[in-house]
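Below: one structure, written as structure tokens.
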Amino acid sequence: MIMVQIVILMTSAALIVIGLYSAIFIDNIIKKIIGISFIEEGVNLFIVTLGYKAGGVVPILMPGMDPAWFAANAAAPLPFGLVLTSIVIGASTLAVMLALVMVLYRRYHTLSTKVMLADTSKREEYDE
Amino acid sequence: MNELIPLMVIVPLIAALLISTISRFNTVTKVFTFVVALCLPLIPILSNYGLHYFGGYEPMLDTVSGVIYHPAITYSFTFLQQIFIGAVGLLTFLVVFIYLTKYKKVSGPYLFLLFLGTAAVTAMMLTDDIFHMFVFFEILALAQVGIVAASSIDYSYEMALKYMVLGSIGSPIMLLGIGFLLALTGSVNVTDIAVAVHNGLVDVTSPVFLLSLALIFFGWLYASGLPPFHTIKSGIYSKAEPHGAALLQSFTVISMISIVMIMFRIYASLPIFEVLIVFFSILAMILGVSLALTQTDFRRMIGFLAVGELGFIGLGIGLGTNFSITAGLFQALNEIIITALLFIGFGAIVNATNEVDTRKLGGLLAYHPKVAIMLLIAGLAMAGVPPLSGFQSKLMLVQASLSCGFPEISILAIMVSIATFVVFVKTYYTMFLKPKPNDLNLEGKEVPKAMIFAMAVLLIIVVLLGIFPDMATGGISNFVGGIL
Amino acid sequence: MLEIILSIIIVLSAILALIQKDLLKAAILTGFSAAALAALFQVLLAPDVALTQAIVGAAIVPVFIALAVKKTQRSDG
Amino acid sequence: MKLYDQIFNVVKQFRKLFSPGPVTNADVSGSITAEIFLIVSLVLSAILLRHVSILLAGLVTLILAIVLISNIPLIPKFKIEQEDSLEKMLFYAVVTLALIATFMYWGGNLV
């Protein structure tokens, strides 16, 4: 039963690598942001896997369950709690980034990172 | 009064929420903001040292292994936390004071961001829980982006978006490292993890443990703006309003030391940890100062200098002895105060001239003598001239690296100090002493009184810490002795 | 077996989202990937996380992206 | 005489660093300071390798000094690599992440 975890770890690694790839190689800023959000999803998936127990039960104590049996068989709830927070943080970060993109689009009329987020230090013209 | 410990976080958080709701009533908001800001430095001074367990879950003793577990999120409050939270609280008060006197109509969202940032760094400093720290670290990143984007400087949105994109790589990577630690030890409490590592429950030579260090270390580089993040960090300082930048750099310093102290407690037994920190600190010192020398925008120049000074803190912690860590933390305290003073002072010049290019400025000494003298003293303190506070901490760092057997690092530290001095003197000369250019109009523009007041308060602290360094170093040294 | 299929869906739709020329399709594919991820969380015995991920990742985030696309431009060019 | 000409050319090349706008003597002297500071500090930090192996330290210091001095001006090249564009920042961030992770995973125990 260790196979499940290996498949899932490979998935999360693939998501992280996709995110890092898109950070460097994708030019469109919205797609870049989508790609970077995959890093967050991969990490979340990894942390959820830590709590997984093969053949276990959901960590909610239902009436009628034996507490000792439940403690031995339930998945670990701590990583799940962490991931809940992390999902919300990731969504809010993405929302702020997209809002900034919308504002910047009005100035540049393009979504290309090379134009929109280029070096600004030289662009401040030296006006006499 | 241990009940005051959680209030240090709760008061700015609640105040932030309340201010953004009542911001329609201008006068009420102003008075309320002023009172809360005044409370911020007072709470840590009044509070007693101790621990606070959220939800009242006391530590549990495992009778089989004899190990104590911490089920609750724990806040620990000692001298170190007191002095840093006090410093950032004082800075928040001064910044809010400058803001309130500068604008007739206050903006609720901006004050919200300032208080949110303060609450986040306070929680990062207090917490003993690595995931709790991560959450507030993300909140801090959002607050920093907001403070930068709220400024009216050109290209501030671009810089905010760049910081955010880099942050959305840096922070998940750090979370991945925390996940590795959780997988190894089954806990997110730093004390529990440290005990597990020291008792040999975790194999410190295993690649997973080393990889968790690498990932958290990368997140730390992002948090503290060491290379490769030195360009973006100096960029956001230069694109924020001057008083905002003064607060932003204190956020950076505090998040840097709070994360590095957590890493130190977990990974101190690995020799590679210290090598990594020293390597990146030296890189930050060299790159920061050499890039600061070539800047013409003086806000950007201070930004790079601030990054270069961060290298000193890292150096002190990387050397790993009691004396050197004390020196590094003392340097952190000095840097918060001195860099804030520089940002506020140069911000006053921006206010009075609407100009940031050193080539178009000159002859300001005759127009703003008070600002000029206070900036001179601050610059000398940053470069490490006795008897100011920068001198004491840098002297301690040089002595520490000599006694660790690294004379090269001592020479390097002295060279960086000299180069910092060159940067400062060059900028000071072009701004204040050089003849005034003909097209520069200075008539009828005053520096706000609140800025001068803030600078004077910070200057008094600089001089006091320079003459009586024992006020801070004694307590810090005790704290460091406790974690070694 | 289920988790393998879900994993393939997640990775495939993530890659497809990044090679789309139409940004609206990219937004929908992101939601698709997130929905599969939510199902995977359910398989991994985390129903609470699955619920949050389904709401946030599969509904809110694609809407945000679609809004951003509507306010800017639709084609990647 | 060749080295003198080279240094003279360095000063001319600094003009590009500050364009658009005039170049003041304070800026040029600052840049020359940065140039010298960069070379000296990099060579000095190479000496730190003596804690690993003395022979290696001597070799690296010598090679580094020769390479750096024959490649002046360094500051324009340095500045181009550390400008504010997002592409360069992301590239260096990801490369640093890859280097740290690789180095720690396989070489973390060597020190």
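Keep in mind that the numbers below use all heavy atoms, side chains included, and drop hydrogens, waters and symmetry copies. Numbers restart at 1 for each chain; the letters A, B, ... are given by sequence-line order, proteins then strands.
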Can you name the closest pair of heavy atoms from [X] and [Y] and give their distance?
X: B:Ser156; Y: B:Lys239; value: CB-O, 3.8 Å
X: B:Leu221; Y: B:Pro228; value: CD1-CD, 4.2 Å
X: B:Thr427; Y: B:Val423; value: OG1-O, 2.8 Å

Problem - Best-contacting candidate, A:Leu104, A:Asn44, A:Ile47, A:Ile39, against chain B by heavy atom pairs under 4.5 angstrom - result: A:Leu104

Problem - Among the listed options A:Thr113, A:Leu100, A:Leu94, the residue most often paired with chain B at heavy-atom distances under 4.5 Å - result: A:Leu100

Got a donor-acceptor contact below 3.5 angstrom from the [X] side chain to the [Y] backbone?
X: B:Ser206; Y: B:Asp203; answer: yes
X: B:Ser171; Y: B:Ser168; answer: no
X: A:Lys32; Y: B:Val165; answer: no

Handout entry: Lys/Arg N to Asp/Glu carboxylate O, B:Glu158 vs A:Arg107, below 4.0 Å
Key = yes

Problem - Residues in residues 73-85 of chain A near chain B [non-hydrogen atoms, under 4.5 Å] - result: A:Leu78, A:Pro79, A:Leu82, A:Thr85

Handout entry: Side-chain donor-acceptor pair present, B:Tyr163, B:Gln144, cut-off under 3.5 Å
Key = yes

Handout entry: A:Met65 CE: over 12 foreign heavy atoms closer than 6.0 Å
Key = yes

Exercise for the section: Might you confirm whether atom CG of A:Asp66 has over 12 heavy atoms from other residues, nucleotides or ligands at distances under 6.0 Å? Expected result: yes

Fill in the blank from the handout: Okay, A:Ile16 and chain B: the region with an atom under 4.5 Å from a heavy atom over there is side chain

Exercise for the section: Just say parallel, tilted or perpendicular for the rings of B:Phe229 and B:Phe218, cut-offs at 30° and 60°. Expected result: perpendicular

Problem - B:Leu176 portion near chain A, given a 4.5 angstrom heavy-atom threshold - result: both

Exercise for the section: May I ask you to list the residues in residues 129-141 of chain B that approach chain A closer than 4.5 angstrom, counting heavy atoms only, ordered by number? Expected result: B:Phe131, B:Val135, B:Glu138

